[in-house]
Amino acid sequence: MRSTPFRRRALPASFILASMLTVTACGGGFGGDEEEGGDNGGDGATGTAGASGPDLSEPPEIEGEVISDGESYEIKYGIGLAEDSPQALSVDYFADILDERSDGRITVSLFPNSQVGDDLQMMNNLQSGTLEMTMPSTSPATSIVPELQLFDLPFLFPTPEEADAVLDGEIGQSMLDSFEGSGIKGLAFAENGYRQLTNSQHAVSSPEDVQGLDIRVMENPIQVSIWETLGANPTSMAFGEVFSALEQGVVDGQENPWSTILTSRFNEVQDYASETRHVYSPFIIMIGEEFYNGLSEEDQQLIQEAAEQSRDYQRQISREMDTYSKEQLASQGMEVTELSEEELAAFQEATQPVYEQWRDEIGGDLIDSVQEELGQR
Ligand code: KDG
């Protein structure tokens, strides 16, 4: 996937021409409208990003049987990320599929930017029936399905395609099945992406540079372990609180994929970024179990298919936005440090103890079988 070599270099502000064409008046993201959410507006999955942002693939044509007969209802779909993130754009596509294939019976209302709660709250709301759908990272969902902790291990997946094979294969399916009876139904895995470190203090190119930094991490104990092992001071925090925690200096840094750093405008409050790729983080597309069980079989099938089609599109545009976002961040003045293979190997080696520390908890057999599948054993 990577188009740039793993050479360490601080990207200069040499993308200025491109950025002048693409940066919006409000100074960040992909040039999306500042919609309040609540209605996806139906202006297509590339509506916000296509106009002045990256050249994204169009969503595939909507095909399949139209199911006009049945109840009319609304699906409220809450997410943590911004309306121009790949996550939100894929929900727009999901909404379009359901609208067209249900003949307008099923409407999807998107609530981005943690408007209706953070990942843990939204999962609770699915269980209590006050929200129908959400798409958290797997990390906070480990409180419900502990096996998902596998995906918190550092440097597990060398490429996104290898992650897809595990997530869409037997292992991923059995994890989705494990939600049964929890009040949540897992529909499919999408992509959050490779996580990169940003901070306000100094450029980072070695594990030593991380020592002493206060880093916000997701609500997950393995994420805490990774940064403790590196000698940083990690703090778990909900995503919706990260921008102000960075702005107010409550923490020095955070880690997220490039597109999230850009669309959440973390570069406005962080000067340094490093391409550490320390964890490949999946999303889970989920729906309230009771709500889902109350639907007709035809609608259940429709929703499952739409979730898988939106997953495929989400992965595609997430990957298209990745390098673009890194370059945008550099052009907007962030000092972006790319790591050499040796520097990345130093991070990998320094975080290796996390595997031993969490092996029993995650399940040694599970880790072994995935590493075998990946040719690492
Ligand atoms: O909608 C997903 C977000 O809420 C969150 O999971 C993003 O990776 C994330 C983080 O750092 O919390």
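A quick note: this is a predicted structure, and the numbers were derived from the prediction, not measured. Hydrogens, waters and symmetry mates play no part in the numbers below; they use all other heavy atoms, side chains included.
Distance alone, capped at 3.5 Å, places no donor-acceptor pair between the Ser264 side chain and the Phe266 backbone. Proximity of a side-chain donor or acceptor of Asn220 to a complementary backbone N or O of Ser139 within less than 3.5 Å is detected. Of the possible donor and acceptor atoms, one in the side chain of Asp209 sits under 3.5 Å from a partner among the backbone N and O of Ser205. Side chain of Glu298 to main chain of Ile67: no donor-acceptor pair is present (N/O by atom type, distance under 3.5 Å, no hydrogens or angles). The backbone N or O of Ser340 sits less than 3.5 Å from a side-chain atom of Glu343, completing a donor-acceptor pair. The main-chain N or O of Ser174 is found under 3.5 Å from a side-chain atom of Ser178 such that the two form a donor-acceptor pair.
Residues passing the side-chain hydrogen bond (donor to acceptor under 3.5 Å, both in side chains) test with Gln121, sequence neighbours excluded: none. By the side-chain hydrogen bond (donor to acceptor under 3.5 Å, both in side chains) test, Ser310 pairs with no residue at all, sequence neighbours left out.
Put simply, CD on Gln300 and CG on Asn293 are 6.5 Å apart, with the number rounded to the nearest 0.5 Å. In this structure, CD on Glu71 lies 8.0 Å from CG on Asp299, to the nearest 0.5 angstrom. If you take OG on Ser182 and CD1 on Ile144, they are separated by 5.5 Å, rounding to the nearest 0.5 Å.
Heavy atoms only, all atoms of each residue included: Tyr77 and Met135 are closest at OH-CE, 3.3 Å. The two residues Tyr272 and Met334 come nearest to each other via the heavy atoms O-CE, 3.9 Å. Nearest heavy atom pair, residue Val204 against residue Val210, reads CG1-CG2, 3.7 Å.
Taking the six-membered ring for Trp and the full ring otherwise, Phe347 and Phe155 have centroids separated by 6.0 Å or more.
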field: Worked verdict on Asp84 versus Thr263 for side chain to side chain donor-acceptor pair (under 3.5 Å)
entry: CA-CA 7 Å; Asp84 50 357; Thr263 56; 4.6 Å; no
message: Applying side chain to side chain donor-acceptor pair (under 3.5 Å) to Gln304 and Glu308, what does each step give before you reach the verdict?
response: CA-CA 6 Å; Gln304 180 67 49; Glu308 288 172 16; 2.7 Å; yes
message: Using side chain to side chain donor-acceptor pair (under 3.5 Å), reason through Trp258 and Glu275 one step at a time and then give a plain yes or no.
response: CA-CA 9 Å; Trp258 291 125; Glu275 194 161 35; 3.2 Å; yes
- request: Go through the steps for Ile303 and Ile75 under the test side chain to side chain contact (heavy atoms under 4.5 Å, CB included), then give the verdict.
  value: CA-CA 11 Å; Ile303 287 172; Ile75 292 177; 4.0 Å; yes
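Using a 4.0 Å cut-off between charged side-chain N and carboxylate O, Asp177 and Lys185 make no salt bridge. Between Glu191 and Arg315, no side-chain nitrogen of the basic residue sits less than 4.0 Å from a carboxylate oxygen of the acidic one, so the salt-bridge criterion is not met. Ionic pairing of Arg359 and Asp365 is not present here: no N-O contact between side-chain nitrogen and carboxylate oxygen is shorter than 4.0 angstrom. A salt bridge between Glu305 and Arg101 is present, with a side-chain N of the basic residue lying under 4.0 Å from a carboxylate O of the acidic one. Residues Arg105 and Asp69 are not paired through a salt bridge, judged by the lack of any N-O separation under 4.0 Å between the basic side chain and the carboxylate.
Donor-acceptor pairing under 3.5 Å is lacking for the side chains of Gln376 and Glu372. For the 3.5 Å distance criterion, the side chains of Asn256 and Gln254 qualify, holding a donor opposite an acceptor. Between the side chains of Asn192 and Tyr280, no donor N or O sits under 3.5 Å from an acceptor N or O. In this model, a donor atom of one side chain and an acceptor atom of the other lie less than 3.5 Å apart for Ser57 and Glu320. With no hydrogens or angles considered, no side-chain donor-acceptor pair links Gln87 and Ser85 at under 3.5 Å. Gln314 and Ser90 share no side-chain donor-acceptor pair at under 3.5 Å. No hydrogens or angles considered: a donor-acceptor pair under 3.5 Å links the side chains of Gln332 and Gln328.
Only one option out of Phe94, Phe291, Phe111 pairs with Met133 in a side-chain contact (heavy atoms from CB on, under 4.5 Å); it is Phe94.
Counting only heavy atoms from C-beta outward, the side chains of Ile367 and Val370 never approach each other to under 4.5 Å.
Shown here is Glu349, whose CD atom has no more than 12 heavy atoms of other residues, nucleotides or ligands within 6.0 Å.
Residue pairs meeting the side-chain hydrogen bond (donor to acceptor under 3.5 Å, both in side chains) criterion with at least one member in residues 223-236, sequence neighbours excluded: Asp152-Gln223, Asp214-Asn233, Ser225-Gln357, Ser225-Trp358.
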